[in-house]
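Given the structure is predicted, the values throughout are model-derived calculations rather than measurements. What's counted below: heavy atoms across the whole structure, side chains too, no hydrogens, waters or symmetry copies. So that the names make sense, note that chain A is the first sequence line, chain B the second, and so on, each numbered from 1.
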Amino acid sequence: MLKIYNTLAREKQTFTPIVAGKASMYVCGMTVYDYCHLGHARVMVVFDMVSRWLRASGLEVTYVRNITDIDDKIIKRANENNETIAQLTQRFIDAMDEDSAKLGVLRPDIEPRATSFVGGMLNMIAVLIEKGFAYAAANGDVYYSVNNFEGYGKLSGKSLEDLRAGERVEVDTFKKDPMDFVLWKAAKPDEPSWESPWGKGRPGWHIECSAMSAHYFGAHFDIHGGGQDLQFPHHENEIAQSEAFNGAAVHSKASHSHDGKPCQMVNYWMHNGFVRVDDEKMSKSLGNFFTIRTVLEKYDAEVVRFFILRAHYRSPLNYSDQHLDDAKVALTRLYTALRGHDVGEPTIDWQHPQAARFKDAMNDDFNTPEALAVLFDLANEVNKTKLAETARLLKSLASVLGLLQRNSDDFLQGEVTETLDVDGLIQARLTAKQSKNFAEADAIRKQLAEAGIVLEDTPQGTTWRRA
RNA sequence: GGCGCGAUAGCAAAGCGGUUAUGCCGCGGCCUGCAAAGCCGUUUAGACCAGUUCGACUCUGGUUCGCGCCUCCA
């Protein structure tokens, strides 16, 4: 039985899909105006892992991850770069695809772009106005009226009163309530815009996700994911929009549909923890972010994936070179255990005690650190017994996490870019050893070590790996 | 100020009311010509103060410290 920590309930709950055997999952993806950083990498890897586990559990998964390709920052950046919005967004969508592919992230089933769903957003806004949840202001903006939605704050645990007391909300004279948020922004000159009943403009950020999830999943779906920072206001606002849209009009049981049942948008809300640098959130506004491609210049992409899955998805994850070095050594241990085992296609006997332990860990709110501990125990077993069957189980279980699927030598040796004749030197060392010329043998080994190559003598001969 | 999360050994990171987490590092041994890898063993824990309990790292309350959200943010 899979249990998921549901942010809405603030507890782990047994996962029961709306439609037996299927799972619908929507994850808030990227706003594409820059390269993805490690925080984005975490979202992609975490929900990739989630979708893989749901599938491994036998569910037919539809995974939707959107792309926000219209927004203030995009417009600003395109102007700065003197390129069109379409050029800018496509450039960074391509970059994102490259980065995520390297991290072993499978493509979501559907990756809708906001600009393709403006019609759906306009419809949603019109219905919200009609039902009394939204109003067009004098400046041409359309706002959502938070006071009219009963459940506002239920996801983030905030009350309107507390939010207002925060006094950090800018006073906007066109809003009826400071907490009201924008559904439709009136266009400024020289900005891209769409025609609407309220004049030219463009959609607010929150309505995009409501419209896109509604398009693919309708009023009700299983899992909605995203980073912790989206809990408020983004996800809170999505709930307000979608549940109001699908429910009855204001003053006639706001958040309930006509048959009296609550029209809940999402059953399970999942939020992954932040990536931190020096115990501070990694973010663009703080400027302390590392892009995925920067990190990949120095570290193997699978090491980064391993590093992310090594921590529980809800825990904070501190980034540092030291931690990545550590992850690299750990992953090397797993690949070393698999070295020399050609195990073929993944197959898992879930009756095997270690497989069962792995499954229990994953079913416990995706406990990947525990699942990885199982892999290390299996590696130890492989090292001791040399059993191909155990090696196969190790590799098969790892495949569920998107790890250890390369040939060991590919990981341990990397691309062959040597100017040194490694094989020749190994052969020369062997000759020296055979004639007991250990000084010569050690000199060769030292020469290779200085080039970053570590030799390992085994009963089957000498192998090498990169330090 | 409001709301929430966390505090585990040198570092990272899980489970668990009583029995080895796991990885890296350190130490001892085996193996090796010597190493490396591997194997065996081993040193370092549970912020602080109370309470519940036969027994608490694990439950409850409080304290301290850290982080996050309340504004764009994955």
Side-chain angles (χ1 to χ4, degrees), chain A residues 7 10 27-31 36-47 65 71-73 153 156-159 161-170 179 181 205 225-234 236 271-276 279-286 289 306-307 310-312 314-318 320 322-334 336-337 339 357 360-361 364 367-377 379-380 382-384 386 412 432-434 436-439 441-442 445-446 449 453-459 462-465 467:
Chain A
T7 309
R10 276 158 228 293
V27 172
C28 289
M30 262 49 79
T31 300
C36 292
H37 58 63
L38 278 183
H40 301 118
R42 192 175 192 189
V43 184
M44 294 196 283
V45 169
V46 161
F47 288 101
R65 189 185 65 204
D71 132 296
D72 287 347
K73 286 176 177 167
S156 54
K158 299 178 189 303
S159 72
E161 214 173 294
D162 293 340
L163 285 164
R164 292 194 193 97
E167 291 295 345
R168 297 178 65 182
V169 182
E170 275 181 50
M179 291 313 299
F181 58 90
W205 177 40
Q228 230 157 40
D229 44 1
L230 299 188
Q231 205 174 308
F232 188 92
H234 186 53
E236 194 69 63
H271 293 97
N272 65 276
F274 296 129
V275 175
R276 295 187 191 171
D279 285 316
E280 269 193 328
K281 176 183 170 184
M282 177 184 290
S283 73
K284 293 196 177 172
S285 43
L286 285 171
F289 62 91
F306 178 86
F307 165 69
R310 218 179 176 198
H312 185 84
R314 283 189 283 117
S315 304
L317 178 63
N318 254 313
S320 74
Q322 191 207 330
H323 295 156
L324 283 212
D325 288 337
D326 189 76
K328 180 188 172 184
V329 178
L331 189 57
T332 297
R333 176 172 164 81
L334 294 178
T336 302
R339 209 171 200 185
R357 200 179 136 212
D360 286 346
D364 182 16
N367 191 342
T368 54
E370 174 67 15
L372 289 173
V374 173
L375 300 190
F376 282 100
D377 285 350
N380 177 258
V382 172
N383 287 333
K384 273 191 285 198
K386 311 291 177 201
L412 296 169
K433 274 173 66 173
Q434 279 163 349
K436 306 279 182 201
N437 186 353
F438 295 123
D442 289 350
R445 188 167 64 198
K446 195 179 172 204
I453 289 171
V454 181
L455 296 187
E456 290 172 358
D457 292 337
T458 75
T462 300
T463 58
W464 64 275
R465 66 180 165 85

Atom C1', compared across B/A74 and B/C65: separation rounded to whole Å: 27 Å
Starting the side chain at C-beta, find the nucleotide from B/C70, B/A14, B/A74 nearest to A/H37. B/A74
Pairing partner of B/U32 (Watson-Crick or G-U wobble, both distances under 3.5 Å): none
Looking at A/K433, I'd like to know whether one of its side-chain N or O atoms comes within less than 4.0 Å of OP1 or OP2 on B/C34. no
P-based separation of B/G26 from B/G10 [nearest Å]: 15 Å
Taking the same atom, C1', in B/C16 and in B/U22, what whole-Å distance lies between them? 15 Å
Tell me which nucleotide among B/G2, B/A74, B/C39 gets nearest to the side chain of A/R333. B/C39
Between B/C72, B/C70, B/A74, which one does the side chain of A/K158 approach most closely? B/C70
Pairwise P distance for B/G2 and B/C73, with rounding to whole Å: 26 Å
Same-atom distance (C1') from B/C57 to B/U19, integer angstrom: 15 Å
Distance-only donor-acceptor test, A/R276 side-chain atoms vs B/C67 base atoms, 3.5 Å: no
Please report, rounded to the nearest Å, how far the P atom of B/G68 is from the CD atom of A/Q228. 11 Å
Listed nucleotide nearest any side-chain atom of A/Q322, set B/A14, B/C11, B/A36: B/C11
With respect to the side chain of A/D162, which nucleotide from B/C24, B/G2, B/C69 is positioned closest? B/G2
Considering only the C1' atoms, how many Å lie between B/U8 and B/G46, rounded to the nearest integer? 4 Å
Output the single nucleotide from B/C24, B/C72, B/A37 whose closest atom is nearest the side chain of A/K73. B/C72
How many whole angstroms separate atom CG of A/N272 from atom P of B/G68? 15 Å
Selected nucleotide, minimal atom distance to A/D364 side chain, candidates B/A74, B/G15, B/C40: B/G15
5'-most contact on RNA chain B (nearest-nucleotide basis), A/R465 vs A/A441, goes to A/A441
Greater than 12 external heavy atoms within 6.0 Å of A/K284's NZ: yes
Result for 5'-nearest mapping on RNA chain B, choosing between A/S283 and A/A373, is A/A373
Here the distance between atom P of B/C72 and atom CZ of A/F181, to the nearest Å, is 11 Å
Taken to the nearest whole Å, CZ/A/R164 to P/B/C70 is 17 Å
Please identify each residue that fulfils ring pair (Phe, Tyr, Trp, His ring centres under 6.0 Å) with A/H312, with sequence neighbours left out. none
For the student: nearest non-hydrogen atoms of A/F307 and A/N318, plus distance: CZ-O, 3.3 Å
Could you tell me whether A/G273 contacts a base, only the sugar-phosphate backbone, or nothing, with contacts defined as non-hydrogen atoms closer than 4.0 Å? base
So that I can tick it off, tell me whether A/R276 and A/D279 are bridged by a salt bridge, with the cut-off set at under 4.0 angstrom between side-chain N and carboxylate O. yes
Would you please confirm or rule out a distance under 4.0 Å between OP1 or OP2 of B/A14 and any side-chain N or O of A/S315? yes
A/F306 has an atom CZ; how far is it from atom P of B/A14, in whole Å? 13 Å
Mate of B/U8 across any strand shown (Watson-Crick or G-U wobble, both atom pairs under 3.5 Å) is none
Closest to the A/N380 side chain, choosing from B/A14, B/C40, B/C3: B/C40
Whole angstroms only, please: what is the CZ-P distance between A/R357 and B/C16? 13 Å
Going by purine N1 to pyrimidine N3 plus the second Watson-Crick contact, or the G-U wobble pair, all under 3.5 Å, which nucleotide sits opposite B/U42? B/G26
A/F232, nearest nucleotide to its side chain (from B/G23, B/C70, B/A14): B/C70
Pairing check on B/C48: which nucleotide meets the Watson-Crick or G-U wobble criteria with it, both distances under 3.5 Å? B/G62
d(CD, A/E456; P, B/C31) in whole Å: 19 Å
Got a donor-acceptor pair under 3.5 Å from the side chain of A/D457 to the base of B/A37? no
Checking N1-N3 plus N6-O4 or O6-N4 for Watson-Crick, or N1-O2 and O6-N3 for wobble, each under 3.5 Å, the partner of B/G55 is none
Would you measure the distance from the C1' atom in B/U63 across to the matching atom in B/U44 and give it in whole Å? 27 Å
Integer angstrom distance from the P of B/C5 to that of B/G41: 40 Å
Would you please confirm or rule out a distance under 4.0 Å between OP1 or OP2 of B/C73 and any side-chain N or O of A/W205? yes
Are A/D442 and A/R445 ion-paired here, with the side-chain N under 4.0 Å from a carboxylate O? yes
Applying the 3.5 Å cut-off to both distances, the Watson-Crick or G-U partner of B/C69 turns out to be B/G2
Atom of A/A441, atom of A/K433 and distance for their closest heavy-atom approach: CB-CG, 3.7 Å
Starting at CG of A/D326 and ending at P of B/C24, how long is that distance when rounded to a whole Å? 8 Å
Nearest listed nucleotide, side chain of A/R310, among B/G23, B/C73, B/U22: B/G23
